[in-house]
Amino acid sequence: MCASPRKPQTIKAEIEPSSQGYLESFVFHLKVERGMAENSILAYERDIKDFLGYFPNKAVEKLENEDVLDYLLTLQELGLQSSSTARKRVALKQFFLFLGENDVAIHIDFDLIPSIKIAAALPDVISVEEMQTLLDGLPLQDSLDYRNKMMLELLYATGMRVSELLGLTQRDLVPEQRMILVRGKGSKQRYVPYLASLDGL
């Protein structure tokens, strides 16, 4: 990407009239034809409006790959997080795909526009000592307390999701082998071992 001469304050809210019409048609498409959630529609609309406002006097049909690259580079120069920039790129891609499918003469090919690399954040990991301190500090006054402690132990020991834990039944337990049948996303199933300390399940 070549350096952009634009400054942050040059991004305007005005949109070229015909571009506004295209945006309204796209929003209608998202709402009626794709049934997208209202919050997602608003986010898409805002992202596209920001982009079109960056080129207030340029019709959609006149926009080119270099314009999208210039805009994304400016967002990075502004310090916008990669995840947010990547989301805006997705919104723009969907918008221009929609226009192309509706016979609007566009000159933007997202295959030629680099994807935004998002740095993967490593999850925080609780140590064995910290987990033991947490478990030891739990109250054990009644059956509900014991249940809650056992649930925490299961989550920590097996790595299953909370939704998977909540879906467990007694029929999912295989005590002879100390295994639990876990039902994950997409109806996928797997067996995970559990510790002897949880034999009271």
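Sequential numbering from 1 along the given sequence is applied to the chain's residues.
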With sequence neighbours excluded, residues passing side chain to side chain contact (heavy atoms under 4.5 Å, CB included) with [X]:
X      : value
Leu134 : Met131
Arg171 : Thr169
Ser115 : Arg89
Asp111 : Asp109

Quiz item: Transitive ILVMFWY cluster of Leu112 at side-chain heavy atoms under 4.5 Å: who else is in it?
Solution: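 None, because no other hydrophobic side chain comes under 4.5 Å of this residue.
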Self-check item: Fellow cluster residues of Met179, listed by chain then number, with links counted only when side-chain atoms sit under 4.5 Å apart
Solution: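 So far as hydrophobic clustering goes, Met179 is joined with Val174, Leu181, Tyr191.
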Practice problem: Sequence neighbours left out, what pairs pass salt bridge (charged side-chain N to carboxylate O under 4.0 Å, His left out) with at least one residue falling in residues 129-146? | Solution: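 Non-adjacent pairs meeting salt bridge (charged side-chain N to carboxylate O under 4.0 Å, His left out): zero.
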For [X], side-chain hydrogen bond (donor to acceptor under 3.5 Å, both in side chains) partners two or more places apart:
X      : value
Lys58  : Asp67
Gln141 : none
Arg46  : none
Glu64  : none

Quiz item: Going through the checks in order, is the side-chain contact (heavy atoms from CB on, under 4.5 Å) test met by Phe51 and Leu72?
Solution: CA-CA 9 Å; Phe51 171 74; Leu72 295 177; over 6 Å; no
Spacing of [atom1] belonging to [X] relative to [atom2] belonging to [Y], to within rounding of 0.5 Å:
X      : Y      : atom1 : atom2 : result
Asp47  : Arg87  : CG    : CZ    : 4.0 Å
Gln76  : Thr85  : CD    : OG1   : 5.5 Å
Glu164 : Arg190 : CD    : CZ    : 4.0 Å
Asp70  : Glu77  : CG    : CD    : 8.5 Å

Exercise. Applying side-chain contact (heavy atoms from CB on, under 4.5 Å) between Leu165 and each of Val182, Ile180, Leu155, report the one that passes.
Key: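 Filter result, single survivor: Leu155.
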Quiz item: Which atom names give the shortest non-hydrogen contact between Ile106 and Phe96, and what distance separates them?
Solution: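 Scanning both residues completely, I find the closest heavy atoms to be CD1-O, 3.1 Å.
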Could you check whether any side-chain heavy atom of [X] comes within less than 4.5 Å of a side-chain heavy atom of [Y], counting everything from C-beta outward?
X      : Y      : value
Phe110 : Leu92  : yes
Lys88  : Tyr71  : yes
Ile113 : Ile108 : yes

Please tabulate, for side-chain N and O atoms in residues 18-30, each donor-acceptor pair with protein atoms closer than 3.5 Å (sequence neighbours left out).
from: Ser18; atom 1: OG; to: Glu16; atom 2: OE1; distance (Å): 2.3
from: Ser18; atom 1: OG; to: Glu16; atom 2: OE2; distance (Å): 3.2
from: Ser19; atom 1: OG; to: Glu16; atom 2: OE1; distance (Å): 3.3
from: Ser19; atom 1: OG; to: Val60; atom 2: N; distance (Å): 3.4
from: Gln20; atom 1: NE2; to: Glu24; atom 2: OE2; distance (Å): 3.2
from: Tyr22; atom 1: OH; to: Glu61; atom 2: OE2; distance (Å): 2.5
from: Ser25; atom 1: OG; to: Gly21; atom 2: O; distance (Å): 3.2
from: His29; atom 1: ND1; to: Glu33; atom 2: OE1; distance (Å): 3.0

